[in-house]
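Each residue takes its place number in the sequence, starting with 1.
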Amino acid sequence: MKNIFRTMLPILAMAACVWASCSDDKDDPTPGKPALPTIAVSEPALSADNAKAVVTVTPSEETEKWYWKCEPKGQSAAAYTAVTGKDETRLEIPVDMDVTYTLTVYAENETGKSKEVSKEFAFKSEDIMTELVEFEVKNLSAFSVDVVVKKSAKCTKYVIGAINKGYMGQDLEGGGGDIYVEIYKEETFIEDAELSLNPNADYPMQPFNWSDVSATFTEKTLARYALKDKDISESKGIILRSLEADEIQVIIAVYALDAEGKAKVYTKEITVPEPELTGQVAVTIDVPKDKIKLKSFEATFTADESCSRIHVGQSSAELIASGGKSFENMTEDEISAVIVRLGAEVPLAYTGPFSKEFANKDMKPDTEFIVYAIPIDKEGKIGKVVYQKVKTAAPVFDGVGEITAVDFPEQQTPERLPVDITVNNEVKFVRILWDLGTGPGSLDLNWVMSDEDSRNVNWYEYAVADLASLKTDEGGLRITSPGETYYLRAVTVDKDGKLSEVMDLVAKANKGNNGIQTKAVEEVPSTTDWTGTGALTLSVEGTGTTDAGMYTADLKVTKGNGTKKVYMVKWADEAQPNGIEDFVKELAFFTDFNPDAEPTGAISIVLDENTSETTTTEEFMDEYSSYWGGYARIYVTLDNDGKLSIADWYIHGYGTKNDHN
């Protein structure tokens with residue numbers, strides 16, 4: 001037995017050695033399987049943006065999936081979160097201040113799992129910012145600014161705005177001298193800030209933008225003035241540079257809230273500098289010929305990569321000309337200085353080439369305009385001003401449509417003017433302009449007749465099939481001032497959409513070049529009898545002014561013998577003593593007078609059948625002027641025989657009919 005035991009010892013020792021060697025070398029993979037993974041975790045740091053713990057987890061190449069959990073120290077209630085893959089990952093974990101946490105991670109693959117790695121950490125309140133927010137004004141120029149806001153962990157959200165500090169105005173209450181008028185007031189800003197956070201349900205307008213993370217705000221987002229559901233990009237923005245002031249102070253204000261809802265306002269004052277063209281930003285302007293229209297054009301702007309913002313706009317050589325010089329005689333520096341002043345608006349953020357259409361009511365065909373660009377680099381420096389002349393398109397009348405004949409049938413009704421128009425087979429539409437003010441030289445008829453914005457305003461378009469209706473009394477041209485001379489112009493639109501030359505329809509009908517006289521309305525003489533004998537006494541009991549600066553007069557009216565009613569007529573601001581009779585007698589209420597009718601508007605009954613005396617306080621805007629007239633109260637009597645009479649009147653600053661000294 002002893003011999004057998006001696007024989008087994010070397011064999012057992014060899015087996016033990018082999019087993020120990022295999023067990024200690026854990027990094028060697030089992031044949032056909034990967035090695036066990038490893039995992040590393042950075043030291044947790046507090047994010048200044050959102051008060052979260054930030055850590056970077058780095059799994060090894062062998063990792064198939066890894067797991068993490070974070071919980072207050074001493075607790076084990078949290079479940080692991082699984083993450084598939086081996087990519088380095090940044091975790092942002094919500095945490096509370098002054099609480100100790102334990103973060104645990106491990107990796108896994110088909111061979112097995114790695115050792116767990118734990119990090120214990122805590123963020124102390126005293127180690128973070130003392131204020132709710134801190135902010136810095138950067139890259140300030142005449143038109144642009146960046147405000148970088150850093151939010152502390154104690155701040156839940158904040159509102160930011162920019163408001164002009166004030167301006168020099170006139171002291172209306174103290175003699176008319178200069179006085180500084182404050183615009184920024186903290187109590188008003190707080191009200192607007194709270195409205196921005198909690199807009200009205202009926203009209204959810206938000207004056208300013210708010211955020212719950214650190215962010216950078218520009219002149220575009222420092223003032224919002226947009227509805228709640230609008231994106232921040234639709235903010236109105238603030239115009240930093242005013243054309244009417246040499247030095248502008250702006251208050252940057254932040255309204256910050258802590259976790260308990262307590263608020264604090266932080267402000268900084270900035271002075272907007274004068275425009276200085278110190279930047280080096282290259283910009284090109286391209287105006288494609290096919291984008292030039294009669295009253296608009298489109299330009300494409302391209303800047304280099306240093307461009308951050310850009311002003312673009314259009315003006316005219318006449319507006320840019322200054323200092324007694326014409327545009328052609330100005331230097332490039334002089335032109336640039338004026339254009340920079342024109343750029344007093346919120347610039348556009350530049351992210352790449354873009355196109356913009358320029359069109360407004362002042363644009364006319366065949367007219368030269370200036371399109372310009374003012375670039376701003378990323379440091380707020382204004383680059384070289386670039387401009388280009390653009391001429392809008394001229395109307396072209398090369399259509400093959402033709403009006404071959406025109407006749408004017410006899411006008412039967414003053415409200416309609418029939419016209420018989422014959423055209424050739426190339427015509428698709430006829431545009432007709434008829435008005436009192438389009439005699440020779442009164443309009444540029446070429447561009448009006450070719451301008452689509454004039455449709456249904458200056459001219460109306462008729463399909464060829466509808467021309468026959470114009471010959472009838474019911475379908476003729478509508479006349480709004482019967483008896484006046486009308487001028488009629490027309491162009492045809494052919495099947496290719498081209499216009500023919502402008503034609504005088506009256507001349508084409510061989511009725512001369514001075515328009516056509518339309519049928520007048522037959523006047524029906526008024527049956528109102530103005531020979532009444534009703535009498536009254538009008539006296540001015542006193543005059544004064546209201547808090548709003550209006551003049552007042554207390555007017556007392558007393559009926560005389562034979563008077564049944566007294567009407568009062570208000571004449572707004574052009575009353576002249578010698579014009580009162582015509583004014584009153586032409587009012588519709590009196591031309592078609594019905595003693596039982598209830599007057600409205602400027603006419604009222606001040607004394608009826610049952611009252612004999614009254615005093616009213618009347619308000620007037622201005623004193624009487626012999627040139628302009630004034631504000632009047634006119635009294636009309638109705639006598640017992642149903643006849644009217646203008647009995648008396650009062651014009652403020654002049655007096656009554658018989659007492660105006």
Side-chain angles (χ1 to χ4, degrees), residues 295 361 364 403 405-423 429-493 499-500 502-528 569 571-574 579 582-593 599-603:
K295 295 177 63 179
K361 61 182 179 61
K364 296 181 179 180
I403 295 175
V406 178
D407 185 37
F408 290 93
E410 183 178 356
Q411 188 177 359
Q412 301 297 324
T413 172
E415 290 77 23
R416 294 284 182 175
L417 175 67
V419 57
D420 186 359
I421 300 175
T422 305
V423 298
F429 300 100
V430 176
R431 295 177 179 177
I432 304 176
L433 179 154
W434 70 100
D435 205 345
L436 299 170
T438 51
S442 63
L443 277 180
D444 186 342
L445 291 170
N446 280 351
W447 80 259
V448 168
M449 297 303 289
S450 60
D451 176 27
E452 284 293 334
D453 289 340
S454 291
R455 180 184 297 274
N456 298 332
V457 177
N458 290 313
W459 50 260
Y460 292 81
E461 189 172 85
Y462 299 89
V464 171
D466 297 329
L467 293 177
S469 66
L470 294 177
K471 296 187 292 184
T472 66
D473 294 331
E474 296 80 14
L477 306 179
R478 184 180 295 277
I479 300 301
T480 56
S481 298
E484 299 291 338
T485 298
Y486 276 75
Y487 293 85
L488 283 73
R489 302 291 192 272
V491 296
T492 65
V493 183
L499 305 179
S500 64
V502 180
M503 172 182 290
D504 184 333
L505 293 181
V506 179
K508 183 67 176 178
N510 296 317
K511 292 183 177 294
N513 299 314
N514 297 314
I516 186 169
Q517 182 77 30
T518 59
K519 182 180 179 67
V521 177
E522 295 183 10
E523 293 188 7
V524 179
S526 173
T527 59
T528 304
V569 180
W571 192 351
D573 59 359
E574 297 177 348
D582 289 340
F583 173 77
V584 172
K585 290 182 178 182
E586 290 174 3
L587 294 173
F589 178 76
F590 292 119
T591 57
D592 189 19
F593 180 66
T600 59
I603 306 172

* To do: Flag the pair Asp444 and Lys364 as a salt bridge only when some basic side-chain nitrogen lies within less than 4.0 angstrom of an acidic carboxylate oxygen.
  => no
* Asked: Got a salt bridge between Arg478 and Glu415, using NZ or NE/NH1/NH2 to carboxylate O under 4.0 Å?
  -> no
* Which distance, rounded to the nearest 0.5 Å, do you find between the CZ of Arg489 and the CG of Leu433? -> 8.0 Å
With a 4.5 Å limit on heavy-atom distance, are the side chains of [X] and [Y] in contact?
X	Y	answer
Gln411	Pro418	yes
Trp459	Val430	no
Asp435	Tyr487	no
Tyr486	Ser481	yes
Thr422	Ile403	no

* Asked: What residues form a salt bridge (charged side-chain N to carboxylate O under 4.0 Å, His left out) with Glu484, not counting sequence neighbours?
  -> none
* Asked: Taking the inter-plane angle between the rings of Trp434 and Tyr460 on a 0 to 90° scale, is it parallel (under 30°), tilted (30 to 60°) or perpendicular (over 60°)?
  -> tilted
* side-chain contact (heavy atoms from CB on, under 4.5 Å) partner of Arg431, chosen from Val502, Thr492, Leu499 -> Leu499
* Check for a donor-acceptor pair, side chain of Thr472 on one end and backbone N or O of Gly475 on the other, with a separation under 3.5 Å. => yes
* **Residues Glu474, Arg416; criterion salt bridge (charged side-chain N to carboxylate O under 4.0 Å, His left out); working and verdict** => CA-CA 7 Å; Glu474 296 80 14; Arg416 294 284 182 175; over 6 Å; no
